[in-house]
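Have a look at the structure below before the remarks.
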Amino acid sequence: NQVQQLAENYQQMVDKLEKNQVLSAETLEKMERISDLMKEISDEKLQEAMDKMQKSLENMDAEEVKAALEDMKFSLEEFNEKIERTLQMLEDIKKEQALQKASDIAEEMQKMQEELNKKTSDGSENNEQLAKKQKAIKKKSEALQKQMQEATDMMNDKKDADMKEQLEEMLKKMDDLKKDLAEASENLQQNDKQKAMQNQQNATQKMQKMNQKLSEMSNMMNMMGMQMDVQNIDIAIRRLLVWSAEHEKLKSSYHDDPYA
């Protein structure tokens, strides 16, 4: 598809620049990271941006190319800045997606638990069926813990310090939640419904707090400007491709090509 093709085009550009030793090792490393992120990120908005960008490249006329080149001035310093901005945008998209996924899992887990609480209370299912569903919720909590850890690992120690600290605090509380869920399942298996219902209530309260916190953190990321910006990602990667393609076309006009 268009997104995959764009990622391949970008990778070819990186390979060519690396082969020609045009850029520093640090810049090339960042560009490789951008390439990896373009392959890793699965997002409808990103795909729309890539589609739009691909069409723009296909329809770009000479004047637009000239304007883009004049704007960039073939400045290596400016190019590095564009690389850094593009990298940060893609990194932020991954962070936001990771946190949103954790929030979605937490919300789903809470709904599952609240539904199970009702069934435990009204006796609409036997204890064996209830215990089985309780185990499924515990498994969901393990998936949440894994996703929260992934999101935590993506956070920058300086830039995302507050958010990382909050996630780490939530991770510490996951063991207590899983303990409640395990005890609820065990008590149901032992036909001690009263204790099981108390375990379920404790677990539900923890889930509610966790779900609310994750939702607040996701909103905070949006407020901080970390939300995916289609136009910005369009422009950023488009200009990286233009820079490379037009440099290849025009470098023969230089007696001393500073990028060769």
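Just so it is clear, the values below take in all heavy atoms, side chains as well, and ignore hydrogens, waters and symmetry mates. Residue numbers run from 1 in the order of the sequence given. Quick caveat: nothing in here was measured; it's all calculated off a predicted structure.
Between Ala161 and Asp157, the closest heavy-atom pair is CB-O, 3.1 Å. Of all heavy-atom pairs spanning Ala184 and Ala196, the tightest one is O-CB, 3.7 Å. The shortest heavy-atom contact between Ala131 and Ser185 is O-OG, 3.4 Å.
Note that CG of Leu177 and NZ of Lys138 are 9.5 Å apart. Values are rounded to the nearest 0.5 Å. Rounded to the nearest 0.5 angstrom, Lys179 NZ and Met174 CE are separated by 15.0 Å. The CD atom of Glu186 sits 7.0 Å away from the CD atom of Glu183 when rounded to the nearest 0.5 Å. We find the CD-CD distance between Gln134 and Gln113 to be 4.5 Å, quoted to the nearest 0.5 Å. Distance check: Gln147 CD to Leu144 CG gives 8.5 Å after rounding to the nearest 0.5 Å. One distance of note links CE of Met155 with CD of Glu165; it measures 13.0 Å at 0.5 Å rounding.
Residues passing the side-chain contact (heavy atoms from CB on, under 4.5 Å) test with Glu125 are Lys119, Gln129, Leu130, Lys133, sequence neighbours excluded. Every residue was checked against the side-chain hydrogen bond (donor to acceptor under 3.5 Å, both in side chains) condition with Glu150, not counting sequence neighbours, and none meets it.
Between Met163 and Leu99, the closest side-chain pair of non-hydrogen atoms falls below 4.5 Å. Put simply, the side chain of Ile105 does not reach to within 4.5 Å of the side chain of Met148, judged on heavy atoms. Residues Lys118 and Glu115 are not in side-chain contact: their nearest non-hydrogen atoms beyond the backbone lie 4.5 Å or more apart. Under the 4.5 Å side-chain criterion, counting only non-hydrogen atoms from C-beta, Leu214 is in contact with Leu167. Contact of the Met207 side chain with the Leu181 side chain is registered, since non-hydrogen atoms from C-beta on lie closer than 4.5 Å. A heavy-atom distance below 4.5 Å is not found between the side chains of Thr152 and Met170. Within the 4.5 Å cutoff, the side chain of Asn202 has heavy atoms near those of the Lys206 side chain.
For the side chain to side chain contact (heavy atoms under 4.5 Å, CB included) test with Leu188, the passing option among Gln200, Met197, Lys132 is Gln200; the others fail.
Within 6.0 Å of NZ on Lys135 lie no more than 12 heavy atoms contributed by other residues, nucleotides or ligands. Around NZ of Lys101, the count of heavy atoms belonging to other residues, nucleotides or ligands within 6.0 Å does not exceed 12.
In summary, the side chains of Gln212 and Gln208 do not present any donor paired with an acceptor at a separation below 3.5 Å, with no hydrogens or angles considered. Residues Asp162 and Gln166 have side chains that never bring a donor and an acceptor to within less than 3.5 angstrom of each other. Using modelled atom types, one finds a donor on one side chain and an acceptor on the other under 3.5 Å when comparing Asn127 with Asn191. Looking only at atom types and distance, the side chain of Asp153 has a donor-acceptor partner in the side chain of Gln149 under 3.5 Å away. Counting only N and O atoms by type, the side chains of Lys178 and Gln145 include a donor and acceptor under 3.5 Å apart. Defined by atom type and a distance below 3.5 Å, a donor-acceptor pair is missing between the side-chain atoms of Asn211 and Glu107. With no hydrogens or angles considered, no side-chain donor-acceptor pair links Thr204 and Gln110 at under 3.5 Å.
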Criterion side-chain hydrogen bond (donor to acceptor under 3.5 Å, both in side chains) on Ser218 and Gln100, from CA distance to verdict: CA-CA 6 Å; Ser218 182; Gln100 184 59 54; 3.0 Å; yes

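A salt bridge does not link Lys111 with Glu114: every distance from a Lys NZ or Arg NE/NH1/NH2 to an Asp or Glu carboxylate oxygen is 4.0 Å or more.
Cluster membership check: Met220 does not share its hydrophobic cluster with Met154, using side-chain heavy-atom separations under 4.5 Å among Ile, Leu, Val, Met, Phe, Trp and Tyr.
Although no hydrogens or angles enter the test, the distance criterion places a donor-acceptor pair under 3.5 Å between the side chain of Thr120 and the main chain of Leu116.
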